[in-house]
Amino acid sequence: VNISYELLAHAVLAGILLGGFYAAVSIGLAISFGYLNVPQVAHPTFLVMGGFGAVILNRYGFDPILGGLLTMPVFFAFGWAVYTFYHHSFERRGEDADLRGIAFFFGLSLVLEITLSLMFGVDQQIVSAPYIGRSIALGDFRIPYRTLIACGGALLISGLFVALLRKTFTGRAIQAVAQDETALLIVGADPVRIKQIAFAFATATTSLSGALLAIIGPVTPGLGRLYLGKVFAIVVLAGLGSIRGVLLASLVLGVTESLLLATAGTSWTPAVAFGIILVTLAVKPNGLFGR
Amino acid sequence: MTMKHLPFALGLAAFLALCGGTVHVFDNEYLYYALFTILQLTAVSVAWNIMGGFCGYINFGTAGFLALGAYVAFIAGRYFGAPLSIQIAAAAGASGLLGFLMGYMTLRLKGIFFAIGTLSIAVILETIVNNLEIVGAARGMIVIRPPVPDVFSSYTKYLFFVMAVIVSIAIALSRYIQISWIGRGLRAIRDNEEAAEGLGVPTMTLKLIAASASGALMGAAGAPVPILMSFIEPTSLFSMNYSILAMAMPLVGGTFHWIGPVIGGVVLGVLQQLVSVLISSEINVLLTGLVLILSVVLAPKGILGLLRQRRRREVTPTPQHTAQDAP
């Protein structure tokens, strides 16, 4: 195979931008699974819901990003409700919580996915905005604006989260709850309340990153299944409870997929994310920056 | 054979006789196709429960094991001219080997990590098949069927009976594992693996046995599919729905006893067939999701748990005496 350096350079650049987008869709899971140990397998379906939220508001003339921001409170409340239910039904009852918790989130994602397809059909839905369909020329390469927007969105979301975790009491409590719930009780914070807030925040990010999902390409109700491997690969490779790990892992996945796409074609790309998962679990189960 | 096993053996023999007899009575091809599907899903969930229910390790990649079985059976038939029985044995062998590898994964992975690991195996297998020309890659391939044995008037009936035999073997193996020393060890692992290890339970050996048996049965259940459809292609074989149902059925029925996945498989399987015929396959998936949520929330021990609770209430109408009441 003879591949020019320019083509490789382009693939790497495209991969970095793709990685930025992957970071945006994974941060919510890094909180809910990484910090709170909730087996949130419905996360990709939440993203798709965010995408559909942006699609609906876009029909009324709202910019997709603005749409994602507007639906955020709804997603926050939804996340709050889901965690509260999960906590009362599984975490508190203890017995076999692992198995039944995973089954619960799996069931939830099926129900949400089918509800979406009953409401909107299984066809592809797209959003329109001035920056979609245009691109910026960089030498011989063309970089679509939409990937820049997605990448910028990722930096924005992760920046906000890092600020929340470092600067606020709630944020520091979220970090604490990941390590020692009892200690949190001693300083007078309610671990369950902290987890409710954290899970609600994690869900709220999916409305914005779901909007980015709709900007990057068309959304369908079943799209979540494609992202399940990607988001878990990123969080596992990052190491639980590490936001900078998420950024780095997203770049690794984005660049690897992009390079493989440029050299071997589309048929091998689904294996990249899952290959990363298996290799990480086998070689370094704690991930790059795991606690 | 001791008295303990006699009723069980008679039950299985009666079931097989019923299945063998019924193909000469009713003549609706679709009926046997539906029954084949129900039996296949039951076999798969019985297999899943050996690892997931008895031992507490959640396999998310059931579809991968089933599809591997189907593809190995296909290769054995097409390229080596093997008869169906050998195809099934080869499928069980290959998926059993994959199960053995899955058993080794338990060395480092637990809970959701193990689940994601098994899902990864399935997706990577699917990607390989999608690129493998000798099995038709993503396009698929036509399967040349061997002749039907004379006693059966059609392929669907024949394979329905074959699946009845496979499900019987799955149930017998699962029951054996549960009541033997293996099952006791697996329960100890599920409850507290470190403690079991400390008490000298050979945890690794037991997990390898459970994982291999579970994988082999899934492969066997996948083996007759290529002949049934007279076509083989990856999308339907690697469908996530197999993995979801394999987990949902034991959870609905009850994971702590071999009969749990059988109950769940029959109940959910029949419900699924009815819904997909009467309404649509989309509602079918919605139903699976709802049943899954409701059962894990309202009946943590499945239908079996509800039945036991009820029986216990009937047997002991007065509050149970505790150790403190004793003199």
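Note: hydrogens, waters and symmetry copies are ignored here, and every other heavy atom, side chains too, is used. Residue numbers start from 1 in every chain, and the chains themselves are labelled A, B, ... in the order their sequence lines are given, proteins ahead of strands.
Here the closest non-hydrogen pair linking A/Pro270 and B/Thr127 is CB-OG1, 4.1 Å. Closest heavy-atom contact between A/Ala282 and B/Arg108: O-NH1, 2.7 Å. Taking every heavy atom of both residues into account, B/Glu282 and A/Leu118 meet most closely at OE1-CD2, 3.3 Å. A pairwise comparison of heavy atoms in B/Gly52 and A/Leu99 identifies O-CD2, 4.4 Å as the closest pair. For the pair A/Leu278 and B/Ser120, the tightest heavy-atom approach, listed with the atom from each and the gap, is CG-CB, 3.6 Å. Between B/Val296 and A/Ala103, the closest heavy-atom pair is CG1-CB, 3.9 Å.
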Pair B/Ile121-A/Phe274, side-chain contact (heavy atoms from CB on, under 4.5 Å): steps then yes or no | CA-CA 8 Å; B/Ile121 292 179; A/Phe274 288 99; over 6 Å; no
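Interatomic distance, A/Leu281 CG to B/Leu109 CG, rounded to the nearest 0.5 Å: 5.0 Å. Taking CD1 of A/Ile102 as the reference point, atom CD1 of B/Ile58 lies at 3.5 Å (rounded to 0.5 Å). Put simply, CZ on A/Phe104 and CG on B/Leu292 are 10.0 Å apart, with the number rounded to the nearest 0.5 Å.
Heavy-atom neighbours of B/Tyr104 OH from other residues, nucleotides or ligands within 6.0 Å: at or below the threshold of 12. Within 6.0 Å of CZ on A/Phe52 lie more than 12 heavy atoms contributed by other residues, nucleotides or ligands.
Residue contact with chain A, scored on non-hydrogen atoms closer than 4.5 Å, involves the side chain of B/Ile244 exclusively. Proximity to chain A involves both the backbone and the side chain of B/Leu286, based on heavy atoms less than 4.5 angstrom apart. For A/Phe105, no part lies near chain B; criterion is any non-hydrogen pair under 4.5 Å. Only the side chain of B/Leu251 comes within less than 4.5 Å of a heavy atom in chain A; its backbone stays farther off. Heavy atoms closer than 4.5 Å to chain B are found in the side chain of A/Leu228, but not in its backbone. Using a 4.5 Å cut-off between heavy atoms, B/Phe60 contacts chain A through its side chain alone, with no backbone atom that close.
Taking A/Gly275, A/Ser117, A/Gly229 one by one and counting their heavy-atom pairs under 4.5 Å with chain B, the maximum is reached by A/Ser117. Among the candidates A/Leu110, A/Val122, A/Leu108, the residue making the largest number of heavy-atom pairs closer than 4.5 Å to chain B is A/Leu110. Contact count versus chain A (heavy atoms, under 4.5 Å) is highest, among B/Ile128, B/Asn131, B/Ile116, B/Leu290, for B/Asn131.
When side chains are defined from C-beta on, B/Ile112 counts as touching A/Val41, because their heavy atoms get closer than 4.5 Å.
Side chains of A/Ser267 and B/Asn130: no donor on one and acceptor on the other come within 3.5 Å.
Under the 30°/60° scheme for interplanar angles, the aromatic rings of A/Phe33 and B/Phe113 are found to be tilted.
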